[in-house]
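Since we're looking at a predicted model, the values are computed, not measured. Computed over heavy atoms, backbone and side chain alike; hydrogens, waters and symmetry mates excluded. A, B, ... follow the sequence lines: proteins, then strands. Residue 1 opens every chain.
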Amino acid sequence: MSIATASRGARRGERRSPRRGWRSASTWIGAAIVAIAAFCAVFAPLLMPHDPFAQDLGKRLLVPFWMEGSDPEHLLGTDQLGRDYLSRLIYGCRISMLIGVTVSVVSGVIGITLGVLGGFFGGRVDDAVLFAITTRLSIPVVLVALAVVGLLGSSMTLLVATLGLLLWDRFAVVARSTTMQVRNLDFVAAAWCAGCSRFRILLHEVLPNIASHLVVVATLEIALAILLEAALSFLGLGVPPPLPSWGLMIAEAKDYMFFSPWVIVIPGVALFVLVLGINLFGDGLRDSFGARSDP
Amino acid sequence: MLQFFVRRLIVALLVAATVMTLAFVLTRLSGDLAISIAGPNATQADVDAVRRAYGLDRPLLVQFFDWVGRALTGDLGQSYFFKTPVSALIAERMPVTLTLGLTGLVIALAVSLPLGILAAVRENTAIDRLVQVVALLGQAMPSFWLGLLLMIVFGLQLGWLPISGTGSWDNYVMPGVVLAFSAIPALTRLTRAGMIQSMASDYIRTARAKGLSRASILLKHALRNAAIPVVAITAVQLGFMLGGSIVIEQVFALHGVGFLAWESIGKNDFPVVQAVVLVLAVIYVALTMLADLMNAVLDPRLRAS
Amino acid sequence: MTALLEIEQLQVSFGSTAAVRGASLSVARGETHCLVGESGCGKSVTALSVMNLLAPNARRSAKRLAFEGQDLLGLSDSGMANLRGNAMAMIFQEPMTSLNPAYTVGSQMTEVLRRHKRASQRAATDRAADLLARVGITAPGLRLGQFPHQLSGGLRQRVMIAMALMCEPRLLIADEPTTALDVTVQAQILRLLSRLQRDLGLGMLLITHDLGIVARVAHRVSVMYAGEVVESAPTAELFANPRHPYTQGLLRCVPVPGRIKRDEPLGSIPGTVPRIAPGFAGCAFRERCAFADESCSSAIPRHRPSAAHDFLCRLPA
């Protein structure tokens with residue numbers, strides 16, 4: 001004998017988000033930073049005013065343009081071996097971006113494969129995937145990466161392979177949970193009924209529908225890989241010298257930082273801004289996809 | 001409940017066993033260890049001597065099970081460089097790393113919990129946005145670089161804190177802050193999200209209808225429920241912090257386990273390296289189990305099922 | 001003697017959406033006043049306005065909002081908190097989620113008394129056990145130590161009722177307290193509320209969309225439509241002599257013995273509640289009303305056929 005069903009709803013009212021404007025601004029800032037970094041990375045040889053490896057011991061530790069006594073030839077000054085800092089910075093951007101993207105591809109392939117298999121098949125397969133994720137999380141990343149590079153000698157390929165093998169966990173976690181959601185949706189059931197093979201369903205129904213979540217994870221992983229590469233290079237077990245990785249630049253300049261702080265400030269700011277930009281861009285993507293991909 | 005923990009324990013043991021295997025394989029990656037241990041100027045006779053002395057002439061499987069068997073009794077082998085038992089070395093260095101990790105954790109919690117609660121209470125205001133910006137900045141900050149900057153500012157220019165060493169408590173302030181930075185973004189976001197969800201729930205409306213004070217509503221009723229996911233992540237973050245402390249120990253010359261591992265990698269002292277990997281992994285697994293236990297304490301629904 | 005609760009010209013809006021548009025009603029001491037209406041008509045918002053429990057983005061204003069003669073609009077947050085749970089208490093529609101899952105029933109009940117009456121833990125526990133027994137819970141001592149998830153929905157609602165009564169309130173606001181429960185439990189809870197109201201002399205504002213409940217427990221009924229109280233009368237008067245077309249429509253939807261003939265279909269009201277845009281004038285029911293004409297879109301007078309009965313319609317019918 002009810003007139004109508006429950007009457008709630010109005011209680012909490014609807015919440016307008018005044019954050020949207022700010023959010024999109026931050027996304028654009030992030031996108032701009034990422035675009036500039038990508039441009040620098042691709043066109044590094046054309047953009048560098050000097051050879052980043054050319055030493056000039058007569059011009060060591062020149063100060064950057066905003067300080068008294070700077071050399072207009074070297075806008076950001078020179079390092080302890082007289083190498084042009086701006087050129088090394090641009091080349092370093094290429095290395096960071098290269099490592100970030102390749103590591104993300106390697107870890108993405110591993111993580112997405114594991115996550116999709118676990119989420120799609122469930123049962124024993126899923127148990128095994130969960131176990132792999134748990135094991136991976138218990139392994140100290142920096143230490144193991146250092147040990148591998150330390151034992152096998154530093155090279156870019158080895159670094160990418162090592163980080164790729166270590167950073168797939170978030171891909172797997174997100175791919176697994178989103179696959180589980182998609183698996184139970186009607187169109188997947190429809191594909192089953194239409195007699196599609198498992199492989200076909202995975203490739204044509206599941207993957208396209210979890211792709212947006214994975215793109216967001218990929219941005220976060222690129223940022224993480226760049227930070228880790230810098231840390232490893234800083235510890236001397238990352239990118240081999242004389243390649244100008246930003247982490248390596250900071251390590252090499254460390255001895256001079258108390259007298260000329262800018263030698264560590266410049267590459268550090270570059271690293272910080274790039275990672276911040278990628279994260280802002282990733283957050284923006286997540287908001288626009290309306291997805292949450294925090295593990 | 002008990003069954004759940006037995007299952008967790010079995011998984012934990014399996015994880016430890018897998019990590020042991022991986023750590024063993026890892027140190028054998030470089031091929032012939034005897035050559036690297038003997039050094040670049042060694043003769044073939046020297047290398048053979050080293051190989052025999054360290055038991056590297058035995059089949060790999062025998063070496064592996066020998067190591068596992070000893071590790072189970074707490075014997076993690078001998079350091080090639082220090083010529084002392086690895087377990088003693090780790091035990092000697094562990095207090096520094098644990099002090100650093102716990103300092104970092106305390107600082108991280110002291111910053112993230114208030115910030116997260118504040119952002120949640122002032123959701124969608126300038127304060128909330130500011131807190132989120134702080135979290136973003138923290139996430140992008142390279143820890144070793146932040147450490148160096150702090151050393152320049154607080155160590156050299158202001159002269160407030162020592163730049164390196166492990167002598168007294170103030171040696172741990174800067175490294176602790178730097179380490180905390182890595183955990184603050186995740187903890188702040190989780191606290192904020194948990195508090196927002198909790199504050200919008202029906203039981204908070206009930207608490208307000210009961211006329212309870214604002215402090216009681218926030219800290220007793222809302223935070224208790226928001227804390228459940230935070231506790232889980234806190235334990236995991238402490239594990240990550242202990243693993244990540246290797247970079248910070250190096251920056252601040254803190255002679256902890258991370259520093260030991262870094263030194264040992266440089267010296268091909270592989271028993272130490274594999275032991276540190278194993279110990280950190282076991283600590284991490286133990287911490288996640290501790291988090292499950294604490295969740296069961298905090299959430300009565302878990303206790304029942 | 002002033003009424004226990006007086007609401008005059010209450011307005012509540014969320015952003016540009018008006019949820020309550022000038023609703024007025026009053027609850028006398030010891031009276032059960034039922035507020036009925038469809039979903040979204042503003043019943044719950046009216047109740048939450050009295051308790052000042054609206055969402056932060058809600059704007060509330062009124063010509064008068066008073067409890068025992070004390071103005072509630074100008075009252076500070078802490079002054080309001082001192083009344084809530086103390087002199088006026090509220091129970092909600094969702095017993096499953098209205099108790100904090102992290103604390104025992106006892107802890108949640110005793111904190112009310114400790115907060116408002118500075119009672120000792122011992123005294124508060126005794127009072128809680130007494131009240132649990134009074135709301136028909138067996139083994140109250142056991143229940144006090146249990147967590148909400150260990151109780152059924154009906155038990156949880158009894159706990160909510162007992163908790164609301166801890167400080168002997170004069171006014172109890174019950175917002176659809178039986179909607180989420182099984183039918184048999186609904187009847188038990190309703191009998192309990194009605195008995196407690198009589199025994200304790202409570203003033204009760206009972207919000208419901210169920211006219212069957214109204215007929216059984218209410219002394220007085222106010223009918224809400226689109227944020228306004230369109231008709232208010234003593235229960236018997238309202239059922240016997242509904243004046244507003246909406247009230248008449250509602251009563252035709254309900255099978256009341258003696259009023260509805262056999263083989264005659266139950267009525268229904270065509271259309272749905274309109275969304276009220278800012279600047280809306282006239283009768284909100286006119287789109288669905290069989291008697292509407294152009295004059296319904298200008299200001300509507302309130303008629304008062306007797307001292308206790310009023311309604312909002314251009315028709316004096």
Side-chain angles (χ1 to χ4, degrees), chain B residues 1 4 117-128 191-192 194-232 291-305, chain C residues 44 47-48 50-57 77-105 107-117 145-150 156 159-160 163-164 166-167 169 172-175 180:
Chain B
M1 182 68 189
F4 171 72
I117 294 172
L118 187 68
V121 173
R122 300 261 177 271
E123 194 193 349
N124 288 338
T125 64
I127 295 175
D128 182 22
T191 308
R192 174 180 176 275
M195 282 298 282
I196 287 174
Q197 196 188 2
S198 195
M199 289 301 285
S201 64
D202 289 334
Y203 57 79
I204 291 300
R205 188 186 55 189
T206 306
R208 292 173 65 205
K210 281 152 77 174
L212 301 181
S213 68
R214 197 165 166 73
S216 169
I217 291 171
L218 267 182
L219 300 178
K220 183 176 173 193
H221 285 274
L223 187 60
R224 172 71 178 263
N225 288 284
I228 292 167
V230 175
V231 164
D292 285 344
L293 262 175
M294 285 173 73
N295 271 348
V297 172
L298 281 174
D299 190 345
R301 284 164 295 186
L302 283 179
R303 251 177 283 165
S305 59
Chain C
S44 291
L48 291 169
V50 174
M51 297 287 282
N52 198 14
L53 289 176
L54 292 164
N57 64 338
D77 280 355
S78 66
M80 198 60 219
N82 286 335
L83 283 180
R84 283 200 297 251
N86 191 5
M88 52 166 85
M90 184 160 178
I91 56 178
F92 301 96
Q93 186 180 339
E94 305 88 0
M96 302 311 281
T97 50
S98 289
L99 289 164
N100 192 328
Y103 294 99
T104 59
V105 166
S107 146
Q108 296 186 58
M109 288 184 73
T110 53
E111 72 177 339
V112 196
L113 203 66
R114 290 168 63 82
R115 153 83 173 89
H116 292 293
K117 307 288 190 206
Q146 286 188 317
F147 287 96
H149 71 269
Q150 295 165 300
R156 287 189 216 188
V159 169
M160 285 296 290
M163 193 158 78
M166 282 295 280
C167 294
L172 179 66
I173 301 179
D175 184 2

### Query
Say you draw a straight line from CG of D202(B) to CD of Q93(C); how long is it, rounded to the nearest 0.5 Å?
9.5 Å
### Query
Of the backbone (N, CA, C, O) and the side chain (C-beta and beyond), which part of M80(C) lies under 4.5 Å from a heavy atom of chain B, both, or neither?
neither
### Message
Quick check: closest heavy atoms across H116(C) and K210(B), and the distance to 0.1 Å?
### Response
NE2-O, 2.8 Å
#### Entry: CG on L212(B) to CZ on R114(C), rounded to 0.5 Å
12.0 Å
### Query
Is there a side-chain contact (heavy atoms from CB on, under 4.5 Å) between E111(C) and S216(B) once you walk through the steps?
CA-CA 10 Å; E111(C) 72 177 339; S216(B) 169; 4.3 Å; yes
### Query
Please walk me through it: do M163(C) and T206(B) pass side-chain contact (heavy atoms from CB on, under 4.5 Å)?
CA-CA 10 Å; M163(C) 193 158 78; T206(B) 306; 3.7 Å; yes
### Message
Which heavy atom of R208(B) sits nearest to which heavy atom of L54(C), and what is that distance?
### Response
NH2-O, 4.0 Å
#### Entry: Exercise: identify the closest heavy-atom pair between L53(C) and R205(B)
CD1-O, 4.3 Å
#### Entry: Result of checking P148(C), P101(C), S98(C) against Y203(B) for side chain to side chain contact (heavy atoms under 4.5 Å, CB included)
P101(C)
### Query
Run the side-chain contact (heavy atoms from CB on, under 4.5 Å) check on R224(B) and Y103(C) step by step: do they pass?
CA-CA 9 Å; R224(B) 172 71 178 263; Y103(C) 294 99; 3.5 Å; yes
### Query
Side chain, backbone, both or neither: which part of N100(C) has a non-hydrogen atom closer than 4.5 Å to chain B?
both
### Message
Walk me through whether R214(B) and D77(C) qualify under side-chain contact (heavy atoms from CB on, under 4.5 Å).
### Response
CA-CA 10 Å; R214(B) 197 165 166 73; D77(C) 280 355; over 6 Å; no
#### Entry: Atom group of L298(B) that falls short of 4.5 Å from chain C, counting heavy atoms
backbone
